[in-house]
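Bear in mind the structure is a predicted one, so any value in this text is a computation, not a measurement. Each ligand, and each atom within it, is numbered from 1 in the order the structure gives.
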Amino acid sequence: MKTQLIEEAYRIARERYAAVGVDTEEALKRLQGISLSLHCWQADDVIGFENRGGALSGGIQTTGNYPGRARNVGELRADILKAASYIPGTHRLSLHEIYGEFGGEAVDRDQVEVKHFQGWIEWAREHGMKLDFNSTSFSHPKSGSLSLSNPDPEIRNFWIEHTKRCRAIAEAMGETQGDPCIMNLWVHDGSKDQTVNRMLYRELLRDSLDRIFERKYEHMKDCVESKVFGIGLESYTVGSNDFYIAYATSRGKIVTLDTGHFHPTELVADKLSSLLLFTPEVMLHVSRPVRWDSDHVTIMNDDTLELAKEIVRCDALDRVHIGLDYFDASINRIGAYVVGARATQKCLMQALLEPLDKLRACEAADQGFERLALLEESKSLPWNAVWDMFCLRNDVPVGEEFIPDVERYEAEVTSKR
Ligand code: RNT
Ligand code: ZN
């Protein structure tokens, strides 16, 4: 796209926004400071490098078999770098434990060590990407329906050991990168059919978590993620929303809000202010549920927009970690990263351009019509010209220009896998 055209549109947008009291330069500066945590698992359909040959389990599912998924660490890294080259700004990478470099050895989950992530730590440093981490309770012979809440001490201890080791790895990552590594803990534990032991499993989960978190670390932060239900585990989820909110508030931990993990009409954005008042920070898994927790690619829809606006309205950009969590195996996977990440950033852009002072003045004066009118009008203010400028300044393709580039990478690289 012609640079001159983008600059011209930006100049006009800047004036338009100034008229409603918004400084576009300030918004651009703030957006530049937001790092998304890109999830590594979109590149390979959440399979990882254990070479176990088992299917994805734990109530989550990928659908589709688009060719070209990353099959090893080299391909995964290349794909992530390719995707990142179309996403303006500086971003983080979130790894799951199953993405360790095990060198062809069968390293069981309770044996994992920092050395299996040394390659990632070095690679990340080389590419200026900070790392986040996740323990992995799914897709393992010991996963079953219950991991950290399993009444069988052998299985429960196995997963406790796994999660403790993951925290040590996260700590090493955080220390090397000089910035805390955010470690997310999600376990699928639940029951397909009715259970008469709701209390028992939750007691066990509480106890497991307390044991896992016993050790204090300085360079990593713990998050706990709830969900409504998993496939095959429809009747009961041990780590429900109530469970983790209570757990996190009582233990000073961070709650992860995955946008696919609530009842369809629940507004995830509305949860932010409540959590921020009682827990230190919030972690987000930005996704797109279609009828269920389907993990479609994030788009610029009302849910994502509202979420972004709420972060800004709460003045909580420094307390909310924004991670992506979706896995679509039916389309070009690099394209999926780019679309979802850019959509999230577009929502943040609009949030940062909201004429908040004016809106709040209307609200304070009880001017309901004026507030509504300004909210509606601000939807069609030229935020896209500011977004284009953001892309231009970050030297990434503006608008749809990345589409042929992604297609070229597919023709030259991923289609040959
Ligand atoms: C599952 C959770 C969880 C996973 C990833 C792979 O429903 O959202 O965060 O998607 O850890
Ligand atoms: Zn999630």
Stacked cation flag K253 on F213, 6.0 angstrom / 45 deg: yes
Kindly indicate whether a cation-pi arrangement holds for R77 with W120, taking the cut-offs as under 6.0 Å to the six-membered ring centre and within 45° of the axis. yes
What residue and atom, counting heavy atoms only, is the protein's closest point to [atom], and at what distance?
atom	answer
atom 4 (C) of ligand 1	D325 OD2, 3.5 Å
atom 6 (C) of ligand 1	H96 NE2, 3.3 Å
atom 7 (O) of ligand 1	K227 NZ, 2.7 Å

May I ask you to check whether over 12 heavy atoms, not counting those of R16, lie within 6.0 Å of atom CZ? no
Can you establish whether the number of heavy atoms outside D318 located under 6.0 Å from its atom CG is more than 12?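 Check passes, neighbour count above 12.
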Does any N or O atom in [X] lie less than 3.5 angstrom from one in ligand 1, N or O only?
X	result
D258	yes
W186	no
N134	no
H261	yes

Contact atoms of ligand 1, heavy-atom distance to F327 under 4.0 Å: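 In order of numbering, the contacting atoms are 10 (O).
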Is it true that [X] and [Y] have a side-chain N and a carboxylate O under 4.0 angstrom from each other?
X	Y	value
E266	K271	yes
R408	D405	yes
K221	D179	no

Please report whether the ring centroid of H285 lies less than 6.0 Å from that of Y326.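 Here the rings of H285 and Y326 have centres that are no less than 6.0 Å from each other.
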Under 6.0 Å between the ring centres of F138 and H188? no
Under 2.8 Å from the Zn ion (ligand 2), which protein N, O or S atoms do you find? Ignore water molecules. E225 OE2, D258 OD2, H285 ND1, D325 OD2
Below a 4.0 angstrom heavy-atom separation, can you tell me which part of T256, side chain or backbone, both or neither, approaches ligand 1?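 Neither part.
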Quick one: does R288's side chain get under 4.5 Å of D295's, heavy atoms only? no
So, 4.0 Å and heavy atoms of H188: is ligand 1 close enough to count as a contact?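 Per 4.0 Å heavy-atom rule, H188 does not contact ligand 1.
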